[in-house]
Number of protein chains: 2
Amino acid sequence: MAKATRGSERREDALSRERIVEAAIELLDDEGENGLTFRALATRLATGPGAIYWHIANKSELLVAASDAVVARALGEVLAFPTPHEAIRGIAVGVFEAIDAHPWVGAQLSRPPWRTAMLQIFERIGRQVQAMGVPGGARFTSASALVSYIIGVSVQNAANGRLLDPPVDRADFLETVSAQWKELDAREYPFTRNVAAQLREHDDRAEFLAGIDLILAGITASL
Amino acid sequence: MAKATRGSERREDALSRERIVEAAIELLDDEGENGLTFRALATRLATGPGAIYWHIANKSELLVAASDAVVARALGEVLAFPTPHEAIRGIAVGVFEAIDAHPWVGAQLSRPPWRTAMLQIFERIGRQVQAMGVPGGARFTSASALVSYIIGVSVQNAANGRLLDPPVDRADFLETVSAQWKELDAREYPFTRNVAAQLREHDDRAEFLAGIDLILAGITASL
DNA sequence: TACCATATTGGAACGCTGTTCCAGACCTGT
DNA sequence: ACAGGTCTGGAACAGCGTTCCAATATGGTA
């Protein structure tokens with residue numbers, strides 16, 4: 001009797017690569033990047049650390065798999081757009097919001113191996129650059145610049161949101177930084193002091209899109 | 001006699017925050033980011049781990065201090081330029097090459113707290129944006145876009161160079177990646193496959209500057 | 001010079017981590 | 001019913017950041 005019970009419920013919660021990656025994503029979202037340990041993951045999956053290693057080589061591979069899953073999901077949700085210009089903005093926002101929702105992805109993207117996740121973004125952006133009418137020789141440069149900008153801003157935006165241990169209100173946070181900037185030495189930081197006020201009414205997403213438009217304007221201007 | 005000898009040479013190798021940060025930079029450059037441990041650092045400074053903690057709060061602070069030192073040194077070497085356009089290129093290249101020479105700095109920059117290092121870059125770029133004649137309301141956006149792009153590309157460039165454990169030749173590396181891209185599925189990655197050839201004769205620095213010019217063109221176009 | 005309070009040192013120890021190892025349990029095909 | 005590989009999970013290892021603290025060096029005062 002005891003044997004039968006244990007045997008039947010065993011197949012239900014069988015370990016698998018997907019289940020492990022899914023649990024890792026949950027753990028990272030719940031506890032932050034430092035929350036993902038093989039022991040915590042094993043506990044959540046009601047098993048031991050050793051069992052996980054049968055399905056996944058090491059922590060690095062686990063992080064790559066988790067990031068890829070998040071990026072793939074985000075890009076999958078990006079729909080069709082009437083113009084290349086709008087499509088690029090749509091893809092960019094999709095990536096931006098995915099990293100904003102899962103800040104730990106950012107730390108992974110700017111780290112080797114830039115495998116599937118980065119490649120997927122590059123491919124999607126590249127196609128739209130081509131559709132914009134950019135000639136062959138300049139496509140690589142334009143797509144690279146866009147992808148670098150998208151990843152760069154998204155990662156930094158995620159890093160900012162992550163830096164508060166007791167999650168502070170965004171407005172309060174901007175207020176604080178803005179105040180700090182105003183306190184800077186007038187000789188060393190004249191520019192930063194000057195724009196400190198603008199920081200208070202600052203919308204990351206809008207600023208991000210404005211940057212995209214800036215690059216797109218540059219691409220268009222050199223057609 | 002013995003007492004005098006020990007006493008006199010003791011002051012020579014006295015510990016200090018600067019000496020520790022300098023040794024940390026050397027260690028990071030020599031052994032990579034994983035090479036910096038408090039034990040290795042203590043050995044290099046001929047002391048124990050505990051002594052280091054008298055001068056520095058924790059590893060995070062040490063990394064921030066090391067990054068700040070490298071960035072400050074790099075920006076200090078950037079000279080005057082006749083036009084804002086050239087100045088921005090000059091600053092950008094300075095940052096790019098500093099991170100290329102010290103890849104571990106990249107991992108730090110896109111991580112909170114973005115204190116002095118990031119701020120210094122932002123300030124330097126911002127002043128030149130102002131000099132370009134960008135109106136007050138758009139300065140923040142333009143400077144942010146440039147800084148994000150500069151950091152984004154530099155970090156990714158550094159990450160690429162770092163990923164090879166036996167340091168492979170750059171040309172061989174590009175050849176390999178280019179070949180990998182050509183093997184990609186034609187349905188899923190048409191664009192990436194198409195530009196794979198361009199990757200082989202790819203110059204990171206030139207590509208980086210082309211991206212800067214793209215953004216500058218965008219800024220100029222919207223003046 | 002003798003002494004004390006303070007600043008500084010460095011080695012031992014703690015708790016945690018990623019990873020390895022392996023005895024045993026499970027599942028499948030004969 | 002049994003033999004094979006597949007899969008599990010707990011114990012153990014080395015190494016990490018960090019803390020602790022007894023020992024020492026230093027600078028000021030009597």
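Here is how names work: the chains are called A, B, and so on, in the same order as the sequence lines, proteins then strands, and each is numbered from 1.
- Among the nucleotides C:dG18, D:dT8, C:dG10, the one closest to the side chain of B:Thr47 is C:dG10.
- Residues B:Glu207 and A:Ser144 bring no donor and acceptor atom of their side chains to less than 3.5 Å of each other.
- Contacts of A:Leu36 with the nucleic acid, taken as non-hydrogen atoms under 4.0 Å apart, involve only primed sugar atoms and P, OP1 or OP2.
- Each of D:dT18, D:dT8, C:dG18 was ranked by its minimum atom distance to the side chain of A:Leu15; first place goes to D:dT8.
- Pairs engaging residues 98-109 of chain B under the salt bridge (charged side-chain N to carboxylate O under 4.0 Å, His left out) rule: none recorded [sequence neighbours left out].
- For the pair B:Leu41 CG and C:dG10 C1', the interatomic distance rounds to 14 Å; values are reported in whole Å.
- Residue pairs meeting the salt bridge (charged side-chain N to carboxylate O under 4.0 Å, His left out) criterion with at least one member in residues 178-201 of chain A, sequence neighbours excluded, are A:Glu175-A:Arg200.
- Atom-to-atom, CD1 of A:Ile20 to P of D:dG9 comes out at 11 Å; the value is rounded to the nearest Å.
- Rounded to an integer number of Å, the gap from CG of A:Asn34 to P of D:dG17 is 13 Å.
- Note on residues 37-63 of chain B: pairs passing salt bridge (charged side-chain N to carboxylate O under 4.0 Å, His left out), not counting sequence neighbours, are B:Arg17-B:Glu61, B:Glu26-B:Arg44, B:Asp30-B:Arg44.
- Not a single donor-acceptor contact under 3.5 angstrom links the side-chain atoms of B:Arg39 to the base of D:dG15.
- In terms of the side-chain hydrogen bond (donor to acceptor under 3.5 Å, both in side chains) criterion, residue partners of A:Arg89 (sequence neighbours excluded) are, by chain and number, A:Asp213.
- Partners of A:Ala87 under the side-chain contact (heavy atoms from CB on, under 4.5 Å) rule, at least two apart in sequence or in another chain, are A:Phe81, A:Gln128.
- Non-hydrogen atoms lying under 4.0 Å from DNA chain D are contributed by A:Gly50, A:Ala51, A:Trp54, A:His55, all within residues 50-57 of chain A.
- A:Phe38 places its CZ atom 17 Å from the C1' atom of D:dA12, with the value rounded to the nearest Å.
- Counting to the nearest Å, the C1' atom of C:dC16 and the CD atom of A:Glu31 are 16 Å from each other.
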